[in-house]
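This report concerns only the one structure given below.
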Amino acid sequence: MEYNHRDIENRWQQWWKDNGTYTVREDASRPKYYVLDMFPYPSGAGLHVGHPLGYIASDIYARYKRLCGFNVLHPMGYDAYGLPAEQYAIQTGQHPETTTSQNISRYRQQLDRIGFCYDWNREIRTCDPEYYRWTQWAFIRMFGSWYDTEACKARPVDELCKHLDDNGTEGLHAAGTKELCLTADQWKAMDEKQKSDTLMNWRLAYLGNTMVNWCPQLGTVLANDEVSEGLSVRGGYPVEQKVMYQWCLRVSAYAQRLLDGLDTLDWTDSLKETQRNWIGRSEGAEMRFPIDGSDVELEIFTTRADTIFGVTFMVLAPESAYVDMVTTPAQREAVDQYLAAVKHKTERERMIEKKVTGVFTGSYAVNPLTGKKIPVWVSDYVLAGYGTGAIMAVPAHDSRDYAFARHFDLPVIPLIEGADVSESSFDAKEGRMINSCGPGLDLNGMEVKDAIAATKRYIRESGIGRVKVNYRLRDAIFSRQRYWGEPFPVYYKDGIPCVMDESALPLLLPEIDEYRPTDSGEPPLGRAKAWHTPEGYPLELCTMPGFAGSSAYYLRYMDPHNPEALVSHEANAYWRSVDLYVGGTEHATGHLIYSRFWNKFLFDIGAVVEQEPFRKLINQGMIQGRTSFVYRIKDTNTFVSYGLKDQYDVTPIRVDVNIVSNDILDTEAFRKWRPDYATAEFILEDGKYVCGWAVEKMSKSMFNVVNPDMIVERYGADTLRLYEMFLGPVEQSKPWDTNGIDGVNRFLRKLWNLFYKGGEFLVDGSEPSAEALKALHTLIKKVTGDIEQFSYNTSVAAFMICVNELTRLKCRSRKVLEPLVVLLAPFAPHMAEELWHALGHDTTVCDALWPVWDEACLVESTVQMAVSFNGKARYNITLPADATKEQAQETALAHEQAARWIDGKTIRKVIVVPGKIVNIVVG
RNA sequence: GCGCACGUGGCGUAAUUGGUAGCCGCGCUAGACUUAGGAUCUAGUGUCUAACGACGUGGGGGUUCGAGUCCCUUCGUGCGCACCA
């Protein structure tokens with residue numbers, strides 16, 4: 001019987017389905033293991049060859065853990081809300097739900113063909129009301145919570161209200177948008193609307209006027225991680241800054257815990273570093289500078305309080321509330337002009353230009369240490385969103401301040417001995433302080449480090465400010481002006497935002513006739529009929545962002561059909577958290593921050609038992625596409641082959657990789673590809689049209705998407721699985737190519753031929769030779785170690801070596817081949833299952849026992865001999881079995897010679913290579 | 001600019017973690033077999049050399065009996081943050 005992948009794979013996929021092989025139940029008698037993939041967004045292009053890279057890696061691990069006796073949870077679902085489906089809906093009028101479920105069926109079909117061990121009974125979709133009711137539920141709970149910065153946890157808003165009733169803000173330690181100061185009487189005197197507005201300052205889910213990233217083309221706001229270099233990550237449209245009244249999540253309250261938690265995680269250092277960067281903790285001080293001749297005090301944040309004697313001006317962010325307060329009538333016009341100019345520039349333009357701009361407000365601040373008057377300026381190099389939106393400028397020791405001072409001819413006072421500030425600032429935190437003496441504080445002669453400490457102490461004692469930790473991490477903007485997302489369980493009662501009762505969930509996404517914003521500029525939900533509560537209060541028109549549904553999905557898999565809770569306490573206490581999470585590194589500052597935040601919040605309210613959602617994380621590399629190009633001669637419909645293109649004036653055009661083979665274009669298929677090209681002419685080289693190529697991200701718009709279906713069809717799923725693993729380390733990105741796939745396929749056929757020859761099943765009960773056993777046990781040892789380290793490429797190589805060896809030995813022994821099948825099961829489950837049953841088993845290979853290697857088999861063919869050296873040290877040397885006496889003596893002699901180097905030191909290890917000595921390790 | 005990775009044959013990669021550099025696969029070369037294929041098998045394949053041999057892990061330097069691996073420096077690539085005070 002020949003190896004027929006189609007027959008085998010179809011048959012066993014059906015069998016697994018019929019027998020519920022991958023159904024998982026909680027089982028207290030076995031240890032649990034939770035393996036999770038980042039669930040995909042079901043795009044219209046279908047699954048491409050890059051998706052399965054991570055899925056295969058996790059599938060191998062899940063299957064391996066099961067063979068080792070763990071009860072493995074390995075679920076899959078869909079991140080179903082998203083922009084592409086909505087944009088498609090706007091164009092075609094088709095309901096996003098329709099296209100989304102079509103795409104999901106396609107994904108499911110493709111996934112099934114690869115033979116994953118998912119428990120599909122646990123499938124979830126974020127757009128399913130039975131799922132998103134728990135997203136809405138979490139939002140309601142966040143709305144009803146505030147963050148106690150002393151207890152370091154979320155607490156119910158009722159307790160906050162009680163505190164305000166009793167003490168006002170006195171003794172209140174709460175993470176808030178602003179520092180509020182209220183007496184109990186002031187609080188109690190507020191009406192309902194005022195109280196609601198005030199509480200927004202502390203709620204974890206709150207409505208606030210915040211600077212948002214507004215994308216006009218998409219008609220919606222975006223979170224910071226959805227914007228890159230001033231462009232939207234999805235679509236690449238320009239993004240501008242704008243103040244809007246939006247729902248936000250107070251992620252910033254958890255900044256320190258998100259930072260601390262990283263130390264407990266088994267993630268790569270680079271990913272942790274990325275998150276640390278994103279959280280951006282910096283220790284510094286907040287200081288107040290009074291404005292001369294006014295009651296206003298400017299509050300600034302600095303990490304270089306030690307440079308306070310070098311402050312020669314102050315700078316405000318254009319959006320800062322201080323600007324209005326300190327601008328003098330004489331400067332009013334100039335300032336307004338500047339603000340208008342800044343406002344017209346997008347963030348991207350600001351970043352590209354990097355020109356020094358600014359305007360004087362007319363006011364002077366007073367340096368609290370020297371009493372000197374210093375001018376207050378406005379400039380867009382100061383960011384409104386960081387610190388207090390105002391800075392003290394120290395041009396001698398900050399390059400940005402330096403550039404500004406030089407441009408506007410402001411004084412520069414050097415504060416560090418020997419620092420040359422004639423050409424540029426001296427930013428390093430080292431050296432001895434000079435020019436730094438004033439009433440109450442003398443830093444002269446101190447090292448910078450000590451000066452920072454001394455200044456901090458002074459600030460605390462003198463009351464001119466306070467030591468403060470600042471984070472770069474901002475609150476997450478949670479409103480999206482879109483249709484295809486979770487509706488907020490929020491209504492407005494006389495303008496006061498209220499959340500719905502949990503018992504009323506889910507709040508279903510209403511049907512609308514068109515998916516565009518309304519003519520009056522309201523979000524699409526403004527088109528919904530009867531979009532109000534039974535009492536007639538209007539419902540929120542925005543929907544939640546993409547990360548809402550993906551923030552707690554891993555919890556729902558534990559208990560996917562529970563109508564009472566997101567996850568029952570029992571299920572959560574059993575599965576706890578994800579032991580292994582596999583996904584792309586692109587989620588480092590998005591999903592992986594939000595999920596950790598969400599989980600910590602759920603932990604605070606007692607809904608889950610673990611502080612961190614993902615114990616270990618592996619980032620699979622991206623499989624890039626290899627885009628093919630054709631070259632059209634300008635203003636013609638003639639295309640010139642790659643080698644001749646330099647002779648013409650050409651435009652490169654991307655062409656569908658599926659009509660290109662080995663860089664040769666199928667010209668007939670090209671003519672049929674697009675109506676424009678039906679009449680295309682070609683200038684060929686050697687009768688062929690050669691395409692150019694480039695490595696780019698695999699995406700539909702680049703026409704470089706390769707679907708796994710063709711590979712599965714031609715070579716089978718087992719070959720695809722092995723090949724994707726064989727390509728290189730899972731973490732590494734690489735362009736897709738099929739150059740080595742034949743080798744992997746050949747290996748599977750060779751392995752098959754160990755069991756079958758000419759249609760006959762040849763495995764027998766004979767005793768294996770020592771060599772065959774050695775080959776097997778070497779493999780067991782290697783593969784077991786490799787799987788634990790996700791080094792699958794070397795595992796596949798080890799399989800090849802073993803099979804080649806067994807083929808050479810003509811080994812047909814069941815004692816070798818049966819364990820081999822078990823080892824194969826995680827990698828090539830279909831073939832393993834087929835062979836397992838051929839060996840006479842009637843249960844699945846998934847329930848077999850992972851073999852343990854026998855060290856004795858590995859050393860059996862070598863002999864151990866003891867060599868003593870000077871009577872002081874004694875150690876073992878392993879020589880090959882066929883080593884001659886002469887060789888052994890030679891070895892001993894070599895030791896003696898080597899001993900001259902080691903002179904009195906202890907011998908730790910001796911490494912002997914067959915025949916000759918290499919070295920002696922001494923300690 | 002700051003931070004984090006990484007750099008090995010024609011290609012993808014490996015190296016027991018400081019111990020024979022190049023495992024395994026692709027490709028290539030030669031041969032065998034054959035109703036000829038996108039099949040299978042055998043041998044060879046880092047560079048230079050007719051050969052002995054020498055050289056070889058981006059470049060330079062160092063530690064070590066011994067360095068792809070550790071340290072310094074330089075160049076190059078990728079990723080993250082980026083006017084964050």
Side-chain angles (χ1 to χ4, degrees), chain A residues 2 224 228-229 268-282 284-285 300-305 307 311 314-315 317 347 350-351 353-356 379-394 397-401 403-404 427 470-474 585-586 588-589 619 621-622 661 714-715 722-723 726-729 731-735 737-747 749-750 753 781-782 785 791 793-804 807 897-902 909-922:
Chain A
E2 280 292 295
N224 282 339
S228 177
E229 297 184 351
T268 62
D269 289 338
S270 72
L271 190 73
K272 288 188 193 179
E273 202 53 37
T274 300
Q275 288 214 342
R276 285 194 192 103
N277 264 331
W278 188 259
I279 294 167
R281 183 183 204 272
S282 63
I300 59 97
F301 175 76
T302 180
T303 54
R304 292 298 303 274
T307 59
V311 178
M314 311 287 288
V315 188
E347 185 166 350
R350 274 203 216 178
M351 280 190 319
E353 281 184 16
K354 284 207 170 179
K355 259 200 291 189
V356 178
S379 173
D380 64 1
Y381 83 87
V382 174
L383 302 176
Y386 185 76
T388 59
I391 61 152
M392 63 179 214
V394 186
H397 302 290
D398 182 288
S399 51
R400 298 151 303 181
D401 297 344
F404 194 83
D427 292 12
N470 238 313
Y471 299 92
R472 204 191 71 95
L473 184 72
R474 319 272 173 92
T585 179
E586 66 271 20
T589 54
N619 288 120
M622 218 182 339
S661 167
R714 199 172 137 60
Y715 294 97
L722 281 166
Y723 181 59
F726 187 67
L727 273 175
E731 300 89 336
Q732 213 160 84
S733 289
K734 54 220 145 208
D737 78 78
T738 52
N739 287 340
I741 200 161
D742 288 318
V744 170
N745 189 246
R746 202 168 291 147
F747 152 73
R749 290 201 308 266
K750 273 188 204 164
N753 291 336
K781 187 175 183 181
K782 177 83 177 136
S791 178
N793 55 331
T794 54
S795 285
V796 178
F799 268 107
M800 290 177 176
I801 295 169
C802 179
V803 166
N804 283 342
T807 306
Q897 286 168 351
R900 294 198 187 106
W901 312 325
I902 55 180
K909 192 165 115 192
V910 177
I911 297 121
V912 176
V913 171
K916 64 174 183 181
I917 180 159
V918 174
N919 261 305
I920 294 187
V921 177
V922 298

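The sequence lines fix the lettering, A, B, ..., with proteins before strands; numbering per chain opens at 1. Quantities reported herein were computed from a predicted structural model and do not represent experimental measurements.
- Pairing for U57(B) is absent, with no Watson-Crick or G-U wobble pair whose two atom distances lie under 3.5 Å.
- When both distances must be under 3.5 Å, the Watson-Crick or G-U wobble mate of G27(B) is U45(B).
- Taking every side-chain heavy atom of R472(A) into account, C81(B) is the closest of C81(B), A85(B), C4(B).
- Separating the C1' atom of G76(B) from that of U8(B) is a span of 15 Å, rounded to the nearest Å.
- Between Y381(A) and A85(B), a side-chain N or O to OP1/OP2 separation shorter than 4.0 Å is absent.
- Nucleotide C70(B) has G62(B) as its partner under the Watson-Crick or G-U criteria, with both atom distances under 3.5 Å.
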Practice item. Might you work through the side-chain hydrogen bond (donor to acceptor under 3.5 Å, both in side chains) test for N745(A) and R749(A), ending with a clear yes or no? Key: CA-CA 6 Å; N745(A) 189 246; R749(A) 290 201 308 266; 2.4 Å; yes
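- For F726(A), counting side-chain heavy atoms from C-beta on, the closest listed nucleotide (C83(B), A85(B), C24(B)) is C24(B).
- R304(A) comes within 4.0 angstrom of sugar-phosphate atoms only, judged by non-hydrogen atoms across all strands, and of no base.
- The same atom, P, is picked in G10(B) and in G22(B); the two are 16 Å apart, to the nearest Å.
- When distances are taken from the side chain of A797(A) to each of A85(B), G3(B), C24(B), the shortest belongs to C24(B).
- Atom C1' of nucleotide G78(B) and atom CD of E731(A) are separated by 15 Å, given to the nearest angstrom.
- At A14(B), one or more side-chain N or O atoms of N793(A) fall inside 4.0 Å of OP1 or OP2 (strictly under the cut-off).
- Across U57(B) and A21(B), the matching C1' atoms stand 8 Å from one another, rounded to whole Å.
- Rounded to a whole Å, the CG atom of N739(A) is 13 Å from the P atom of C11(B).
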Check your understanding: For nucleotides 36-42 of chain B, read 5' to 3', which letter fits each nucleotide if B means a protein heavy atom sits under 4.0 Å from the base, S means only the sugar-phosphate is that close, and - means neither?
Key -> --BSSS-
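- Within 90° of 0 lies the glycosidic angle of U17(B), which makes this nucleotide syn.
- Taking the side chain as every heavy atom from C-beta outward, I391(A) and D401(A) approach each other to under 4.5 Å.
- Residues satisfying the side-chain hydrogen bond (donor to acceptor under 3.5 Å, both in side chains) criterion with R714(A), sequence neighbours excluded, are absent altogether.
- Listed candidates were G25(B), C4(B), A85(B). Nearest to the side chain of M800(A) is G25(B).
- Nearest-nucleotide positions on RNA chain B place Q732(A) closer to the 5' end than the other of Q732(A) and W278(A).
- With sequence neighbours excluded, the residues forming a side-chain hydrogen bond (donor to acceptor under 3.5 Å, both in side chains) with S399(A) are D427(A), listed by chain and number.
- Comparing the same atom, C1', in C55(B) and in C70(B) gives a spacing of 24 Å after rounding to whole Å.
- As rounded to the nearest Å, U64(B) and U69(B) have C1' atoms that lie 13 Å from one another.
- Here the side chains of I300(A) and M314(A) are in contact, with some heavy-atom distance below 4.5 Å.
- Across all strands shown, the partner of U40(B) is A32(B), judged by Watson-Crick or G-U wobble contacts whose two distances both fall under 3.5 Å.
- Taking atom C1' on both nucleotides, U49(B) is separated from G56(B) by 15 Å, rounded to a whole Å.
- Nearest to the side-chain atoms of N804(A) among the listed nucleotides C81(B), G25(B), A85(B) stands G25(B).
- With a cut-off of 3.5 Å on both pairing distances, A15(B) has no Watson-Crick or G-U wobble partner at all.
- Considering only the side chain of P729(A), A14(B) comes nearest among C83(B), A14(B), C81(B).
- The pairing partner recorded for C79(B) is G3(B), the criterion being a Watson-Crick or G-U wobble arrangement whose two distances lie under 3.5 angstrom.
- M800(A) is listed as a side-chain neighbour of V744(A), based on a closest heavy-atom distance under 4.5 Å.
- In this structure, L727(A) reaches the sugar-phosphate backbone alone: every heavy-atom distance under 4.0 Å involves primed, P, OP1 or OP2 atoms, never a base.
- Where R474(A) and T794(A) each meet RNA chain B at their nearest nucleotide, the meeting point lying more 5' is that of T794(A).
- Across all strands shown, nothing is found opposite A85(B) as a Watson-Crick or G-U wobble partner with both distances under 3.5 Å.
- Across all strands, D269(A) comes closer than 4.0 Å to no nucleic acid atom at all (heavy-atom distances).
- Nucleotides G9(B) and U17(B) have their C1' atoms positioned 23 Å apart, rounded to a whole Å.
- One can place CG of D380(A) at 9 Å from C1' of C83(B), the figure rounded to the nearest angstrom.
- With a 4.5 Å cut-off on side-chain heavy atoms, L727(A) and K734(A) count as touching.
- The shortest distance between side-chain heavy atoms of V796(A) and Y723(A) does not fall below 4.5 Å.
- Put simply, OH on Y471(A) is 14 Å from P on A85(B), counting in whole angstrom units.
- Taking atom C1' in both C75(B) and G60(B), the straight-line distance is 10 Å, to the nearest Å.
- G9(B) has its base syn relative to the sugar, with a glycosidic angle deviating from 0 by at most 90°.
- Within a 6.0 Å sphere centred on CG of D269(A), other residues, nucleotides and ligands contribute 12 heavy atoms or fewer.
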